[in-house]
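Structure first, then comments.
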There are 2 protein chains.
Amino acid sequence: MAARNPRHDRESVTDVALSLLDQVGLPDLSMRRLAAELDVQPSALYWHFANKQELLAAVADRIVGQIPQRSADSSDAATRLLLTARSIRDALLAYRDGAEVVQSTAALRLGATRATEIIQDAILDAPLAPDVRSDVADAVLQFILGHTMLLQQRMHAASHGADAGDESPFADSSSRVFDTGIALFSAGIPLSAALRSAQSPA
Amino acid sequence: MAARNPRHDRESVTDVALSLLDQVGLPDLSMRRLAAELDVQPSALYWHFANKQELLAAVADRIVGQIPQRSADSSDAATRLLLTARSIRDALLAYRDGAEVVQSTAALRLGATRATEIIQDAILDAPLAPDVRSDVADAVLQFILGHTMLLQQRMHAASHGADAGDESPFADSSSRVFDTGIALFSAGIPLSAALRSAQSPA
DNA sequence: ACCTGAACACCGTTCAAGT
DNA sequence: ACCTGAACACCGTTCAAGT
């Protein structure tokens, strides 16, 4: 009934890891459980990946790989940034605990390059020096990750621990906070050309 | 040599947990190791706390409890917000993995109340409707948490895995990105009075 | 009230050995 | 090249029982 021979490689293991993540969440995504899903001993995984962190990095790459290159060629800068930011958030929301997985591996690749590049593209016409632009892109990405992690944790907390009769309507309020945050960034960008002269007050 | 009798309560356990966190980091802060530090069996901890999550929530409360009420009564709104944001970041940086601990428990208390209130105080004079103000405060806090978590992970990654001769000068660039992010929020706030009419373009 | 002892059902990782 | 088997050093949590 079951095939023998090579069976798995890095890609197929990552496939199953990603779908297992979505089913059970990051806390229950163990090497042993993943091995069981693949009909393999836990030690077999260490032929394909050096350790769990490397596996999770591959999973994270799959998630950020599904961010669309350019979400829309909208006319004004503000809505272009908003649409880009939303498409990144939605890619993270597409898998359970997606934001946390990406965040935890973002520390290694110095700068979560792909996502940052897409944001930089979205603010290309802003009157910013290149180095300031990359700072702005980093800040926007950090907001997106912080926001989405909190949202996914609340989704998880709400699903198996109905704290106090709360009907958990935070999906609406969350996307309101998200849009507000991005709008504030947008509004601030044109004013931040004069950002280098007035240096830190403390 | 060692005392007998009651020995510990919620407070003293939290004390030791906090200092152990700072010494070994969140991944190595286990119930068993904490128990060893307290000269007690692991099961003893479950008389004081229902589970590990509840213990970590107490630790998180201690960390946010050390955010100063009002960092400074500066004249202009922009520097007041910047100083407040920095004082929150610095409280998180005061303990190893402080941001992650606070973030992971922030999901339960719907709204990390104390920190959000302090931010709301700092933008009290901005021309914003109360509900918009609280959205802005949430967004700022989510940026602070996202930024600080990434920074602390990089500090940890750099300390025991010198990736490629990089002299890890990201302390400077991080605080530059942080200041940029907060400055953008500040600059955007006065312009976001007209934020409710133009509703989402998608 | 506060803690021990022992157990249950798990972890990530290593390494010799198989095919 | 890819995987098994067995082991090592851990986890969080429960629960009867002690004092």
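Throughout, a chain's letter reflects where its sequence line sits, starting with A, and its residues are numbered from 1.
The cationic atom of B:Arg89 (NZ for Lys, CZ for Arg) lies less than 6.0 Å from the six-membered ring centre of B:Phe178 and within 45° of the ring axis.
Residues B:Asp39 and B:Arg7 are not paired through a salt bridge, judged by the lack of any N-O separation under 4.0 Å between the basic side chain and the carboxylate.
Between A:Arg133 and A:Leu124, some side-chain heavy-atom pair lies under the 4.5 Å cut-off. Looking at heavy atoms from C-beta onward, B:Met149 lies out of side-chain contact with A:Gln142 at the 4.5 angstrom threshold. In this structure the side chain of A:Gln53 reaches within 4.5 angstrom of the side chain of A:Leu108, judged on heavy atoms.
A sub-4.0 Å separation between OP1 or OP2 of C:dT4 and a side-chain N or O of B:Arg7 is present. OP1 or OP2 of C:dC3 sits under 4.0 Å from a side-chain N or O of B:His48.
Here the P atom of nucleotide C:dT4 and the CH2 atom of B:Trp47 are 14 Å apart, to the nearest Å. Between A:Asp9 atom CG and D:dC2 atom C1' there is a gap of 11 Å when expressed in whole angstrom units. Remark: C1' of C:dC2 and CZ of B:Arg10 are 15 Å apart, rounded to the nearest angstrom.
The closest donor-acceptor contact from the side chain of A:Asp97 to the backbone of A:Glu100 lies at 3.5 Å or more, if one exists at all.
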Mark up nucleotides 7-19 of chain C, 5' to 3', with B wherever a protein heavy atom is under 4.0 angstrom from a base atom, S wherever such an atom reaches only the sugar-phosphate, and - elsewhere.
B---BBBBB----
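Straight-line distance between the C1' atoms of D:dC10 and C:dA9: roughly 14 Å, to the nearest whole Å. Rounded to the nearest Å, the gap between the C1' atom of D:dC3 and that of C:dA16 is 13 Å.
Using the six-membered ring where Trp is involved, B:Phe143 and A:Phe185 have ring planes that are perpendicular, over 60° apart on the 30 and 60° scheme.
Applying the side-chain contact (heavy atoms from CB on, under 4.5 Å) criterion to A:Ser173, with sequence neighbours excluded, gives A:Phe170, A:Arg176.
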Quick one: the dot-bracket string of DNA chain C, using Watson-Crick and G-U wobble pairs with both distances under 3.5 Å, [ ] for crossing pairs and | for bases paired to another strand.
||.|||||...|||||.||
